[in-house]
Undergrad: 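Mind having a look at this structure? Questions to follow.
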Amino acid sequence: MKDVLLPIILLVLLIGGCVTTPMGVSVTSRAPKDSTSSGAVSPKRAWLFVDGYQQGATPATVRIRRNYEVSDISLHVGPEFDEVRRYELERSVTSNRIMMDFTFQGSYDSGMLTFNYTELSRDSQGHYVIPYYDRPFQIIDHEYDLVLIVSE
């Protein structure tokens, strides 16, 4: 009996310890888009981490309420969980935020201001910086089928 209970207890502890969603964040897995049409490119799959805690895999939508709890969202691939992309949230208005008004070519998708991840500035470590903005907006990462929705 002890041989059966130990693996179950370890599994519960492992699962319970991996998914700790910070306050102000919700993660929704989405069904993959239909890729049966000719010429469609299938997005890459990646493990999704919020502030270092695993939250699932892409495709996913992450809703972030900007606060002092959450600082980064990252994508990892492979058995070693190699980081391939990290998004970091700015906490206040900076020159990146001011330049956002002049450099981004956003559109309105489903009534929300939308940007492509390639429009974001990058810091010295190559991380994508999500500038402070005074209204809700979303960032689309088509390569990994990730939608980041940032609100105040």
Side-chain angles (χ1 to χ4, degrees), residues 7-37 39-94 96-97 100 103-152:
I8 293 172
I9 291 170
L10 289 175
L11 181 62
V12 169
L13 288 174
L14 180 65
I15 291 172
C18 288
V19 180
T20 303
T21 305
M23 290 180 61
V25 174
S26 67
V27 179
T28 308
S29 293
R30 295 178 289 117
K33 293 178 182 159
D34 182 14
S35 59
T36 58
S37 61
V41 176
S42 180
K44 299 175 187 174
R45 302 247 327 160
W47 294 106
L48 175 66
F49 285 73
V50 176
D51 277 346
Y53 292 99
Q54 185 177 341
Q55 301 296 314
T58 59
T61 298
V62 179
R63 292 182 182 276
I64 309 159
R65 190 174 140 264
R66 193 187 304 266
N67 58 34
Y68 289 100
E69 298 284 324
V70 180
S71 60
D72 67 69
I73 294 93
S74 58
L75 299 173
H76 300 254
V77 296
E80 301 298 319
F81 292 103
D82 297 322
E83 184 176 276
V84 292
R85 188 160 298 148
R86 178 179 295 230
Y87 295 94
E88 294 191 355
L89 278 80
E90 287 189 337
R91 300 284 174 226
S92 60
V93 176
T94 64
N96 281 346
R97 155 53 184 99
M100 181 174 160
T103 60
F104 280 11
Q105 301 299 315
S107 62
Y108 280 89
D109 183 18
S110 304
M112 183 174 286
L113 186 58
T114 302
F115 303 107
N116 191 310
Y117 84 95
T118 57
E119 296 176 280
L120 297 175
S121 298
R122 296 177 87 172
D123 66 11
S124 61
Q125 297 171 326
H127 300 160
Y128 292 91
V129 178
I130 299 175
Y132 188 89
Y133 207 54
D134 59 356
R135 60 183 182 261
F137 65 98
Q138 66 183 358
I139 297 167
I140 306 292
D141 184 336
H142 291 290
E143 185 176 359
Y144 289 97
D145 199 7
L146 174 68
V147 178
L148 299 173
I149 300 174
V150 183
S151 63
E152 292 305 316

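FYI, the numbering just counts along the sequence from 1.
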Undergrad: Does the side chain of Gln125 come within less than 4.5 Å of Arg86's, by heavy atoms?
TA: no
Undergrad: Would you kindly say whether Tyr87 and Asp141 are connected by a side-chain donor-acceptor distance under 3.5 Å?
TA: yes
Undergrad: Verify, without hydrogens or angle tests, whether Thr58 (side chain) and Ala46 (backbone) share a donor-acceptor contact under 3.5 angstrom.
TA: yes
Undergrad: Please report the closest heavy-atom contact between Arg122 and Val129, naming both atoms and the distance.
TA: C-CG2, 4.5 Å
Undergrad: Does some side-chain heavy atom of Ile139 sit less than 4.5 Å from a side-chain heavy atom of Leu146?
TA: no
Undergrad: As an exercise, state the distance from CD of Glu143 to CG of Asn116, rounded to the nearest 0.5 Å.
TA: 10.5 Å
Undergrad: Any side-chain heavy atom of Ile149 sitting closer than 4.5 Å to one from Ile64?
TA: no
Undergrad: Between Arg135 and Ser151, is there a side-chain heavy-atom distance shorter than 4.5 Å?
TA: no
Undergrad: Which word best sums up how the rings of Trp47 and Phe81 line up, parallel for under 30°, tilted for 30 to 60°, or perpendicular for over 60°?
TA: tilted
Undergrad: Minimum heavy-atom separation for Ser29 and Ala57, please, with both atom names.
TA: OG-O, 4.3 Å
Undergrad: With side chains defined as the heavy atoms from C-beta onward, is the minimum distance between Ser26 and Thr61 less than 4.5 Å?
TA: no
Undergrad: Using modelled atom types and a 3.5 Å cut-off, is there a donor and acceptor pairing between side-chain atoms of Thr114 and backbone atoms of Met112?
TA: yes
Undergrad: Please determine whether side-chain contact (heavy atoms from CB on, under 4.5 Å) holds for the pair Val50 and Ile73, giving the CA-CA distance in whole Å, both sets of side-chain angles, and the decisive distance to 0.1 Å.
TA: CA-CA 5 Å; Val50 176; Ile73 294 93; 4.3 Å; yes
Undergrad: Taking the side chain as C-beta and beyond, is there a heavy-atom pair between Leu148 and Val62 under 4.5 Å?
TA: yes
Undergrad: Using a 3.5 Å distance criterion without hydrogens, assess whether the side chain of Asp51 forms a donor-acceptor pair with backbone atoms of Asp72.
TA: yes
Undergrad: Quick one: CG on Asp123 to OH on Tyr128, what's the gap to the nearest 0.5 Å?
TA: 11.0 Å
Undergrad: How long is the straight-line distance from CD1 of Ile130 back to OH of Tyr117, given to the nearest 0.5 Å?
TA: 13.5 Å
Undergrad: What are the two closest heavy atoms between Glu83 and Ser74, and how far apart are they?
TA: OE1-CB, 3.6 Å
Undergrad: Does any non-hydrogen side-chain atom of Val77 lie less than 4.5 Å from one of Tyr144?
TA: yes
